[in-house]
Amino acid sequence: MPVVFLALVSFASWFISALAGGGSPLLLIPLVNFLLGSQALAPTLTTGMLLGNSQRIFMFWQHINWTVTFWYLPGAIVGAVAGAYAFTKIHLDWLQLLIGLFLMITVFSFGFGKKERIFTARSWHFLPAGFVYAFVSGIIGSSGPVMNPLYLNYGLVKEEMIATKSANVVVVHIAKMVTYAALGALTPEYLGYGLVIGLAAVPANYLGQYVLSKMSEQQFRQVVLATMAISGALMVWGQRDLMSFW
């Protein structure tokens, strides 16, 4: 029964993320945490994200912005390995709190969708951003849609954003998976639950692709920002104990 429930939630998460430029862990993080505990989050989500995003590369191949990907990957690979190693040594729950606050503040900066860009992003910005994103993702499993503001400010929307993000994160997830396995953090149980998450992505991605093709760029930006706001609020709420401690 938990596996069926996980599959249904995963389907909904992948479908929403196809329309919102990512954020599939939005519903998955609390569920995986409930089923397996916080130690399972990073390796389980990484397995599922690797499978689901690999399929998206196949589906949206022609829309990948390779210039962004070539700048992104060097920093991201180093950050992924460093973050996955740090996951086995330390636990920084407050990182989710900071990411949540960042996402909500960014939504305000975009004027709730009234502004197409806050600043003009350059391709080289993805090198340091990729390192930071992958490092944090390696520690807590997923950084949510924290990279979306940079993609929007670069001018990537709809299929271009989905395709380029998928190409970028797949390499990061591979690096994390190898590191988790080498350090003994990827157990058969975590791998099995991750496979459920990844397989549920297959029909959800196809449905998402169809609906995405019907959306305008403005509608897409609004959904992206709305998802960022919800993701940020849930991350902050999830770490409310830390705020009460302060």
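The shown structure was predicted, so the numbers you read here are calculated from the model rather than taken from an experiment. All values below come from the heavy atoms of this structure, side chains included, with hydrogens, waters and symmetry mates left out. We count residues from 1, following the sequence as given.
- Side-chain atoms of Asn205 come within 3.5 Å of backbone N or O of Gly52 as a donor-acceptor pair.
- In the hydrophobic cluster analysis, where Ile, Leu, Val, Met, Phe, Trp and Tyr join through side-chain heavy atoms closer than 4.5 angstrom, Phe220 is grouped together with Met147.
- Under the side chain to side chain contact (heavy atoms under 4.5 Å, CB included) test applied with Ile197, the options Leu45, Thr47, Leu51, Leu31 reduce to a single match, Leu45.
- Residues Leu127 and Pro74 approach most closely at CD1-CB, 3.9 Å, considering heavy atoms.
- Using a 4.5 Å cut-off on side-chain heavy atoms (C-beta onward), Tyr151 and Glu160 make no contact.
- No continuous path of ILVMFWY side-chain contacts below 4.5 Å connects Met49 to Leu199, so the two sit in separate hydrophobic clusters.
- Annotation for Ile162 and Ala18: closest pair CD1-O, 3.6 Å, computed over non-hydrogen atoms.
- Leu41 is not listed as a side-chain neighbour of Leu36, based on a closest heavy-atom distance of 4.5 Å or more.
- In terms of heavy atoms, Ala121 sits closest to Leu150 at CB-CD1, 3.6 Å.
- With hydrogens and angles disregarded, no donor-acceptor distance shorter than 3.5 Å links the side chain of Asn148 to the backbone of Met228.
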Ignoring hydrogens and angles, write down the donor-acceptor pairs under 3.5 Å from the side chains of residues 188-196, residues two or more places apart or on other chains.
none

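- Distance alone, capped at 3.5 Å, places no donor-acceptor pair between the His173 side chain and the Val170 backbone.
- Within the 4.5 Å cutoff, the side chain of Met215 has heavy atoms near those of the Leu212 side chain.
- Rounding to the nearest 0.5 Å gives a distance of 9.5 Å between CG of Leu35 and OG1 of Thr44.
- Below 30°, between 30° and 60°, or above 60°: for Phe15 and Phe11 the angle between ring planes is below 30°, a parallel geometry.
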Is there a side-chain contact (heavy atoms from CB on, under 4.5 Å) between Met161 and Leu152? Walk through the geometry before answering. CA-CA 8 Å; Met161 180 190 286; Leu152 288 176; 3.5 Å; yes

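- Contact annotation: the side chain of Met59 approaches that of Tyr206 to within less than 4.5 Å [non-hydrogen atoms, C-beta and beyond].
- Note that OG of Ser166 is 9.5 Å distant from CD of Gln55, once rounded to the nearest 0.5 Å.
- A side-chain donor-acceptor contact under 3.5 Å links Ser17 to the backbone of Trp14.
- Taking 4.5 Å as the limit, every side-chain heavy atom of Lys165 sits out of range of all side-chain heavy atoms of Phe60.
- Ring geometry, Trp66 versus Trp61: the interplanar angle exceeds 60°, so the pair is classed perpendicular (tilted spans 30 to 60°).
- Shortest non-hydrogen contact noted between Leu73 and Asn168 is CD2-O, 3.8 Å.
- Taking the six-membered ring where the residue is Trp, Phe126 and Tyr154 present perpendicular rings, their angle passing 60° and hence far from 30°.
- Between Val172 and Tyr72 there is a side-chain heavy-atom pair separated by less than 4.5 Å.
- Minimum heavy-atom separation, Ala76 to Ala134: O-CB, 3.1 Å.
- For the pair Leu6 and Val32, the tightest heavy-atom approach, listed with the atom from each and the gap, is CD1-CG2, 4.3 Å.
- Cluster membership for Val81 and Val178, using ILVMFWY side-chain heavy atoms within less than 4.5 angstrom, is not shared.
- Interatomic distance, CZ of Arg122 versus OG1 of Thr67, reported as 13.5 Å (0.5 Å rounding).
- Using a 4.5 Å cut-off on side-chain heavy atoms (C-beta onward), Met177 and Leu186 make contact.
- A distance of 7.5 Å separates CD of Glu159 from CD of Gln209, quoted to the nearest 0.5 Å.
- Taking CG from Leu156 and CD from Glu217, the interatomic distance works out to 10.5 Å, rounded to the nearest 0.5 Å.
- Here the OH atom belonging to Tyr85 is positioned 11.5 Å from the OG1 atom belonging to Thr179, to the nearest 0.5 angstrom.
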